[in-house]
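What follows is one structure encoded as structure tokens, with my remarks underneath.
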Amino acid sequence: MTLTWPIIIAVAAVLLAPLVGGLLRGLDRKLTARMQGRLGPPLTQPFYDFGKLVGKSRSVSSRASIAWVWSYFLLTLTAFALFFLGQDLLVVFFILAFAGGALAFGALSARSPYARFGANRELLQMLSYEPILLLAAVAIYFQTGGFTVYSVFEANQPLLPFLPLVFVAVLVALGIKMRKSPFDIAASEHAHQELVRGVYTEYSGPHLALIELTHWYELVLLMAFLALFWVQPLWVGVLIAFAAYFLELWIDNIAARLRWSWMLGASWGVGIGFIVANLVLLSVLL
Amino acid sequence: MSGELLVSLLVLLPVAVAVCCLALRNAAAQKVLLLPAMVLLMVAAAALALRVLPEGPFALTPAAVWDNIVAVLDYVILAYFLYIGVTSRNGLVLGLAVVLAVLLPVVQFGVLGGHVAVSPVFHIDALAIVMCLVISVVGSLIVLYATDYMPAHEAHLKLERTRQPQFFFWFVLFLGVMNGLVFANSLLWLFFFWEVTTLCCYHLIRHNLTDEARENALRALWMNLVGSVAMVAGIGLAYNNAGTISIQELVTGGSALVLLPLALFCLTGFTKAAQAPFQSWLLGAMVAPTPVSALLHSSTMVKAGVYLVLRLAPGYADTSLSLLVAIFGAFVFMVTSLLAIGQNISKRVLAYSTIANLGLIVCCAGINTDLAIAAGIALIIFHAVSKGMLFMAVGVAEQQIGSRDIEDLDGLAARRPVLTIAAVIGMLSMLFLPFGVAFAKWAAIEAAGAQAGWFIAVVTFLAVGSAATLVFWSKWLGRMLSGPVVETKEPKPFLAYGTILLLVSGAVGLSIFVTPLITVLIQPALSGMGYDQAFDVAGWHLRTTFGFFPPWALFLAVAAAVLLPALAARGYRKELDPVYLCGVNVDGPELWFTGIAGEPVQATTGGAYWTQLFGEARLTPLSNWSALVLLVALLAGVILR
Amino acid sequence: MQQVRVDRGADPVISPDALLKEVELLASEGARFTTMICLDLDPEFEIIYLFQKPTLDVVRLRVRMAKDEELPSISSILLGAVLMENEIREFFGVKIINLAIDFKCRMLLSEKSLQMPLLKVRPKPKLTGGGE
Amino acid sequence: MGFLKRARVKSPWILHYCTGGCNGCDIEILACLTPLYDVERFGMLNIGNPKHADVLMITGPVNWKNREVLQRLYAQTPDPKVVIAVGACAATGGVFHNCVNTLGGVDKVIPVDVYVRGCAARPEAIIDGVVLALQKLEEKRSGGVAHAAGAR
Amino acid sequence: MPLMSGNLIKNLFSGPATRPYPIVKREPFPRARARLAYDPDKCTYCGICANICPAAAISVEEDRENLHISRVYNSFACISCARCAELCPQGSLRMEVSPHGAADAKTVAYSASKET
Amino acid sequence: MARVTFPFGPQHPVLPEAIQLQLTCEDERVVEVLPVIGYMHRGIEKAAEANLYPNNIFLCERICGICSFIHALCYCELIEGMMRVEVPPRAKYLRVVWSELSRIHSHMLWLGLLADSFGFESLFMQCWRAREIILDTLEMTTGQRVIQSSCVIGGVRRDIDLDMEPGVRRQMAAFQKELKSIYPVFAKDYTVKLRTVGKGVLPRDQAWSLGTVGPTLRGSGWADDARTLGYAVYDDLGFEPVVEIGCDSYARMMVRLREVVQSVELVIKALDQMPEGDLTVTVKSFPEGEGLIRVEQPRGELVEYARGNGTAYLERLKVRTPTFSNIPALLVMLPGCELADVPVITMSIDPCIACTER
Ligand code: SF4
Ligand code: SF4
Ligand code: SF4
Ligand code: SF4
Ligand code: SF4
Ligand code: SF4
Ligand code: SF4
Ligand code: SF4
């Protein structure tokens with residue numbers, strides 16, 4: 001592969017992702033409100049929130065925290081760019097794990113009980129979804145013979161018909177990453193929870209804006225990963241990703257937030273169990 | 001210099017220095033002796049590498065009389081073990097020593113018929129060079145570190161009579177023996193060195209002579225004796241089945257008949273590498289002074305175990321044994337990583353992490369493809385550097401803070417900035433891409449994923465284990481980074497800090513230059529073992545048949561992502577705001593709040609260990625039994641085939 | 001229809017010393033603590049204890065005591081009483097001893113509040129802090 | 001900076017704190033979040049953390065124990081911020097005007113920008129209060145002079 | 001788990017229940033007690049309302065020097081209990097259905113008798 | 001074991017009111033709980049001695065804005081009982097109607113907050129949306145949404161006349177329809193049950209001896225409800241307490257859920273049976289002597305004691321609110337639970353701090 005096109009795509013993705021991510025979050029809030037019988041905020045609300053946060057004065061309770069929050073952003077950006085450069089999926093997920101670690105480090109650095117509780121739960125979340133993502137990459141290798149994003153495009157069949165259970169498992173990971181019920185244990189989007197937004201407790205103003213921006217990137221990255229399950233043609237994958245997104249919102253609204261132990265059990269049982277079952281079936285049947 | 005000289009230097013210099021140490025009672029004199037000696041050892045290792053790497057394996061066979069000397073020494077050591085068993089009234093040690101005392105003559109005289117000429121006795125290929133470099137460089141640095149550490153340690157214990165001579169005797173001896181071990185091609189010689197490492201380890205663990213130390217040393221001894229028994233049995237079987245006790249011949253012979261001995265040797269390797277269910281000896285070894293832990297965990301002892309498994313890998317490639325070894329290794333990796341989550345003693349976390357990484361190396365050997373073996377070798381190198389350094393850092397912290405509890409390391413950055421930064425880099429290098437250990441993990445997962453069938457289990461274990469690694473490192477790492485500013489001066493003993501910083505830069509440097517490292521060291525080692533090249537190193541990237549890893553680009557990105565914010569944050573000079581405490585902060589001191597009866601209460605933020613899930617009480621029996629079942633399956637699978 | 005007016009004469013009046021024995025007796029009959037009411041009948045305190053029988057009936061018990069007398073806490077027998085005892089100590093300055101949880105008169109009031117606000121007759125103008 | 005300024009009025013995050021009222025106003029504030037009033041259409045979120053808040057919605061007459069808590073929450077809220085006192089008792093003490101342990105209003109402790117009348121304040125009145133508060137917020141600049149916290 | 005789904009579907013299709021308050025104002029209930037209206041012309045400054053107000057929102061003071069009685073009503077303290085409206089002998093007080101708007105400063109309504 | 005000690009409140013998003021729990025956790029397991037209260041204390045009992053006794057109705061209503069009507073009712077019945085005033089029957093029926101409407105609105109509010117405490121936001125919204133129907137009914141009949149100010153000594157101030165009655169019935173029917181869509185989610189949803197069943201267990205005998213009241217007590221199997229004492233006209237309405245035997249948060253939730261259903265029926269029944277007649281009797285005298293009354297609030301039994309001396313001012317007014325009796329149960333239920341369950345268990349007693357601290 002020549003590098004010209006991937007670089008153009010990656011640059012475009014990096015530039016467009018905030019827009020797409022922000023609109024997705026806006027859609028999330030709008031749809032959630034509608035499901036709850038409310039009018040909801042305008043679609044552009046996330047951008048207003050972002051702009052407002054940028055303009056606020058900051059309150060810093062630990063220097064290390066602000067360093068790590070920037071690292072969180074930049075590392076996510078790295079993973080994001082790598083993905084859109086068509087690179088190795090495992091590398092992308094490892095770097096993404098580094099980013100998640102940075103977020104946890106930032107919260108742990110703050111010495112606030114709430115932030116630290118949040119960070120510990122964030123780590124538990126990572127314990128839940130990391131294996132799923134790694135195994136999903138392996139599953140993609142099973143089907144395409146390569147670990148790179150590029151190889152998915154080179155394969156001549158869509159993945160979803162062969163990896164349906166893997167897709168379900170990835171939905172679990174997506175639910176955790178999107179911080180949606182029943183898995184929003186570390187820092188729920190709804191502020192009414194016992195940890196006062198956990199990892200984000202000690203951040204304010206521009207730093208919070210940065211975290212929000214990173215979430216947008218993360219969201220777009222995960223949606224793009226979901227779209228990989230059907231890239232022949234690509235628009236089917238995009239539709240599937242949107243369907244999955246809607247499904248997450250739906251589940252968020254029909255379920256209570258569960259405890260971490262349940263989350264771990266569910267993601268390992270459903271997530272890992274499904275992937276393994278799918279791989280076993282695949283190697284038995286083909 | 002001639003190869004012979006270099007080899008003898010690498011083995012005998014430490015022995016000689018060790019004997020000198022026993023004679024020198026003065027700490028300063030020891031330092032004066034050890035510094036040049038260790039530098040010499042490093043130079044010798046480098047010189048040997050420069051000779052072997054371009055020219056190919058180097059063979060050496062000492063005069064036949066040495067075979068006899070070694071045989072006699074075997075019995076001397078055995079007699080000593082018996083003596084220990086009797087005096088300590090430890091049934092297990094005694095029993096195993098007796099078994100060994102019966103088995104060894106039977107094998108040596110009955111099966112082997114007295115004397116078997118092995119040619120060559122020493123076979124020094126690139127893999128041996130990798131090991132030798134690790135032992136000589138990392139090991140030597142730890143020795144230098146120990147020269148700073150031990151006087152402080154003894155001062156802390158208020159010893160009247162210094163026990164440093166004994167300490168350094170066993171300590172330095174270890175390096176020579178390890179070098180011998182990795183050079184040996186004759187299984188009998190290997191066995192001899194193997195026994196000496198057990199002996200060194202026993203003495204180092206019991207160095208402090210507390211009841212606990214004695215007890216744990218005995219545990220280490222009997223567990224390693226299990227391995228010795230298996231090894232002797234394996235030697236007998238190997239000769240019986242294949243007619244040779246040369247490792248090279250066994251491995252390249254490819255005869256199905258040697259599988260059982262190979263399985264026994266793997267078992268031996270597992271005991272030495274403290275794989276479950278034998279992990280308790282390594283955990284118990286924590287009672288020894290920190291340099292011992294650093295040495296055991298990084299470059300010697302446990303590495304001998306995985307070295308053996310890796311060395312034999314070509315011999316059992318594409319067999320069910322290989323698969324079972326992979327599953328076993330992956331399982332140990334997962335379960336010990338999970339166990340580490342529940343630990344609050346820093347050294348125990350490090351120990352579990354060591355066992356996990358060794359499990360990963362074992363697993364790599366079991367996966368047994370080019371990429372996997374390459375990953376295994378890379379892991380040996382990177383793990384030795386990072387883990388040795390982490391132990392050293394924790395040791396210094398323990399001496400200066402007076403605690404090895406992770407809780408007490410909370411906010412270490414404010415008190416010991418240099419040490420903290422070193423430790424944090426060390427941890428990051430254990431944990432995240434683009435650093436070497438994670439790179440090896442990446443390669444291992446891709447290699448395992450590329451195999452079908454039962455390797456799905458391996459991949460699953462690896463994936464869960466790798467997530468668990470993330471958790472236990474992160475929750476420790478994150479807590480050290482900020483704390484209440486305390487105006488204390490950080491004492492920085494020169495050799496201790498110097499060696500730590502050297503290793504830190506080593507960990508980072510090797511990771512950055514992983515491409516040359518692969519070309520120079522790992523590729524020759526692979527071809528020496530009969531594998532193909534795992535990586536296409538054209539350009540600045542590492543390309544496998546199915547994956548892609550751009551180390552330099554990643555380093556640039558990650559360095560920018562971590563260092564720039566850190567520098568910027570250092571510049572933030574505004575006053576810090578109090579943390580969120582529900583509006584009841586007490587003004588002034590950090591983390592106090594108004595509690596019951598209007599009195600100030602200090603908020604504490606202890607770490608999370610989730611012991612009801614990951615505690616030893618819950619997981620250890622589970623893991624031991626499962627590992628035992630796997631081991632039985634491993635042997636049974638080979639026997640019943 | 002529930003009886004609202006209270007006939008004072010019908011209630012047993014005891015001294016603080018006899019309290020614990022009476023309460024133990026009631027507790028052994030299965031009664032539980034409902035509430036207590038303190039009255040500042042200068043120069044005395046009258047404290048009305050209300051207990052509930054396993055039926056809906058309420059049992060009343062009155063303790064009369066001098067203002068500087070000590071009153072034993074019944075929280076060791078019926079833990080439910082502990083908050084109310086703290087409150088009475090805080091609001092009236094009744095010397096209740098052996099509390100299961102001691103809020104040290106800072107349960108409801110802050111150090112700047114008017115102390116012992118429900119006292120009708122204050123011992124001396126010893127008003128600490130603000131208050132309206 | 002037009003967008004930033006506009007964003008400020010479009011995204012008020014609220015910290016709601018009860019300083020000792022009767023809950024009447026508190027449940028009405030909560031009712032504002034629910035489908036029938038849904039203040040999220042103005043971008044309002046009820047965020048439980050002063051460090052994230054722009055608008056402090058305070059109810060209750062402020063009792064002595066809560067006074068310092070309120071001051072601290074005010075200090076922990078980053079600028080620019082506005083304070084809305086919701087309900088009669090938050091404005092003047094209301095029905096608790098003669099209660100010994102109350103201070104008689106939020107403005108005795110921290111500066112108040114907007115008063116919402118009523119006991120309990122109706123959701124409509126609370127929404128009016130927010131709208132007025134947003135106008136005041138627009139006038140304030142980021143990092144503007146922090147008001148010296150309260151009298152007494 | 002899917003028990004909530006029925007409600008969500010209903011909500012999605014029936015549209016939001018939100019009352020678009022500041023834009024469209026709902027007709028208040030005729031009994032609503034939202035605001036106290038005062039007619040100074042009917043008032044005799046008898047002071048009953050001041051005496052019985054539970055929130056002390058009204059005060060009536062006699063200014064002997066200037067020979068007039070002033071009545072001060074603090075709408076910020078009023079709890080809309082309507083007790084004064086019930087008891088005012090002149091019917092000069094009455095509860096209105098629409099609430100006060102928000103205010104950024106506390107002002108009181110002042111009225112005074114012409115003479116006493 | 002590493003411990004985390006931290007304040008949970010007074011300002012905390014899951015707590016609508018200011019109370020502080022000083023929590024100590026190991027990992028996420030709560031090992032110690034100390035309640036730190038006083039953030040809502042105003043000194044109402046003292047002010048009640050300084051107010052004219054009829055004005056205390058308005059003060060008592062604002063002991064707590066949620067069951068404000070029942071507070072007023074309790075105070076009025078207490079004073080009426082002390083002065084031996086016989087209230088007209090229609091007023092008694094109206095008092096029941098408003099009491100039960102208050103109970104419905106309080107329980108719906110609580111169910112919503114409970115849903116919120118375990119992160120079920122859409123359910124919270126659904127409950128509060130349904131609750132608005134009740135608030136509308138209250139505003140329509142009394143003129144105010146949450147603080148009705150409709151009870152006075154000697155009767156009530158407002159009427160549900162013939163014009164209004166069909167409207168109320170329509171509202172109740174609409175509410176019943178909403179309730180039907182919410183009820184099964186609470187009662188049967190898998191995730192709701194995961195978060196409530198077995199959480200905060202309060203065994204039957206402990207529930208009694210700790211002095212708990214209301215749904216907290218009834219969720220542990222005691223048929224103890226002050227409405228069976230028959231104040232107002234509960235004895236004519238054939239009231240039976242709702243009891244659950246699960247002893248956990250789920251049981252307490254079910255008690256309240258079923259009480260909502262029951263209360264709707266009570267309202268309709270009261271409307272059916274309501275006699276014609278006056279709303280108030282004139283009261284001239286001043287309270288004298290001692291009075292003690294117990295009424296059932298949404299959260300349990302409210303005990304009020306008053307002592308009058310024949311003047312317009314009371315000598316003492318003592319209010320023992322239900323939460324005051326339920327807090328000790330919290331100290332028993334919380335230790336040993338998970339941090340994530342703290343909000344659920346705390347909510348399960350329906351803490352009412354404003355009235356606890358007065
Ligand atoms: S705690 Fe203090 S104020 Fe209370 S009784 Fe004891 S000494 Fe008196
Ligand atoms: S203003 Fe009235 S309703 Fe609001 S909190 Fe104060 S007393 Fe309660
Ligand atoms: S001012 Fe009016 S109410 Fe007051 S005493 Fe005179 S006549 Fe009576
Ligand atoms: S409505 Fe009530 S509070 Fe308002 S002025 Fe009249 S009596 Fe006072
Ligand atoms: S009671 Fe009526 S007439 Fe008398 S002062 Fe008040 S408003 Fe005027
Ligand atoms: S006479 Fe009646 S209405 Fe008038 S002030 Fe006294 S209690 Fe109030
Ligand atoms: S418990 Fe008390 S404060 Fe709470 S609603 Fe009932 S009466 Fe009101
Ligand atoms: S229990 Fe809470 S919500 Fe209910 S009245 Fe009391 S303070 Fe208000």
Side-chain angles (χ1 to χ4, degrees), chain D residues 15-38 40 46-50 52-53 56 59-70 72-73 76 87-89 93-104 118-124, chain F residues 9-20 36-48 50-51 55 58-68 71 105-106 109 112-113 116 124-133 135-136 139 144-147 149 352-355 357-358:
Chain D
L15 177 83
H16 157 220
Y17 186 56
C18 172
T19 60
C22 79
N23 285 338
C25 292
D26 303 86
I27 59 177
E28 293 293 59
I29 290 175
L30 278 182
C32 287
L33 303 172
T34 57
L36 264 62
Y37 296 98
D38 187 31
E40 205 189 338
N46 185 2
I47 210 99
N49 182 341
H52 300 177
L56 295 176
T59 63
V62 189
N63 78 2
W64 276 102
K65 200 161 173 175
N66 239 328
R67 178 171 155 266
E68 279 144 34
V69 179
L70 186 58
R72 229 169 268 124
L73 291 176
Q76 283 191 353
C89 62
V95 77
F96 308 121
H97 64 99
N98 57 351
C99 287
V100 284
N101 200 36
T102 63
L103 282 150
C119 180
R122 282 155 194 269
E124 286 92 350
Chain F
Q11 187 277 315
H12 193 287
V14 306
L15 302 168
E17 305 171 78
I19 180 180
Q20 180 186 346
V36 183
I37 58 178
Y39 294 100
M40 301 283 281
H41 174 62
R42 286 147 284 173
I44 285 179
E45 286 177 6
K46 174 81 173 167
N51 284 347
N55 277 0
F58 306 104
L59 188 60
C60 282
E61 279 190 315
R62 286 162 180 83
I63 287 175
C64 167
I66 298 175
C67 10
S68 67
H71 269 294
H105 116 69
S106 166
L109 170 140
L113 289 179
D116 208 30
F124 160 75
M125 293 289 178
Q126 208 70 24
C127 289
W128 280 58
R129 186 175 162 182
R131 173 176 164 269
E132 286 289 330
I133 300 175
L135 291 185
D136 275 353
E139 185 171 11
Q144 273 249 26
R145 286 159 54 89
V146 292
I147 309 241
S149 301
C352 174
I353 314 306
C355 57
E357 301 180 358
R358 291 145 293 159

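Every heavy atom of this structure was used, including side-chain atoms; hydrogens, water molecules and symmetry mates were not. Letters go in sequence order (proteins before strands), and every chain restarts at 1. All values derive from a computational prediction rather than experimental measurement.
- Using a 4.5 Å heavy-atom cutoff, the side chains of F:Trp128 and D:Leu33 are not in contact.
- D:Asn101 is not listed as a side-chain neighbour of F:Arg42, based on a closest heavy-atom distance of 4.5 Å or more.
- When side chains are defined from C-beta on, D:Lys65 counts as touching F:Val36, because their heavy atoms get closer than 4.5 Å.
- With a 4.5 Å cut-off on non-hydrogen atoms, F:Ile147 touches chain D through its side chain but not through its backbone.
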(message) Using side chain to side chain contact (heavy atoms under 4.5 Å, CB included), reason through D:Leu30 and F:Leu109 one step at a time and then give a plain yes or no.
(response) CA-CA 10 Å; D:Leu30 278 182; F:Leu109 170 140; over 6 Å; no

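- Proximity to chain F (any heavy atom under 4.5 Å) is restricted, for D:Val69, to the side chain, taken from C-beta onward.
- A distance of 11.0 Å separates CZ of D:Arg122 from CG of F:Leu135, quoted to the nearest 0.5 Å.
- Side-chain contact between F:Phe124 and D:Thr34: present, with at least one pair of heavy atoms (C-beta onward) separated by less than 4.5 Å.
- Among F:Lys46, F:Glu45, F:Gln126, F:Arg129, the residue with the largest count of heavy-atom pairs under 4.5 Å with chain D is F:Arg129.
- Residues satisfying the side chain to side chain donor-acceptor pair (under 3.5 Å) test with F:Arg145, not counting sequence neighbours, are D:Glu28, D:Tyr37, F:Glu132.
- Using a 4.5 Å heavy-atom cutoff, the side chains of F:Met40 and D:Asn23 are in contact.
- Residue D:Cys99 comes nearest to F:Gly43 through the heavy atom pair SG-O, 3.9 Å, listed as atom of the first residue, atom of the second, then distance.
- Every residue two or more places apart in sequence or in another chain was checked for a ring pair (Phe, Tyr, Trp, His ring centres under 6.0 Å) with D:Tyr17, and none qualifies.
- Note on D:Asp38, D:Asp26, D:Asn98: by heavy-atom pairs under 4.5 Å with chain F, the leading option is D:Asn98.
- In this structure, CZ on F:Arg62 lies 9.0 Å from SG on D:Cys25, to the nearest 0.5 angstrom.
- In this structure, D:Cys22 and F:Ile63 have side chains that are not in contact, with every pair of non-hydrogen atoms separated by 4.5 Å or more.
- Looking only at side-chain heavy atoms (C-beta outward), D:Pro50 and F:Gln11 come within less than 4.5 Å of each other.
- Heavy-atom pairs under 4.5 Å with chain F were tallied for D:Ala31, D:Cys89, D:Pro61, D:Gly94; the largest tally goes to D:Ala31.
- Listed here is the closest heavy atom pair of F:Gln144 and D:Cys119: NE2-O, 3.2 Å.
- Contacts between D:Leu70 and chain F at a heavy-atom distance below 4.5 Å are absent for every atom of the residue.
- Looking at every heavy atom in both residues, F:Gly38 comes nearest to D:Asn63 through O-ND2, 2.9 Å.
- We find the CZ-OH distance between D:Arg67 and F:Tyr39 to be 14.0 Å, quoted to the nearest 0.5 Å.
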(request) I would like to know whether D:Ile27 and F:Arg131 meet side chain to side chain contact (heavy atoms under 4.5 Å, CB included); could you show each step before the answer? (result) CA-CA 11 Å; D:Ile27 59 177; F:Arg131 173 176 164 269; 3.6 Å; yes

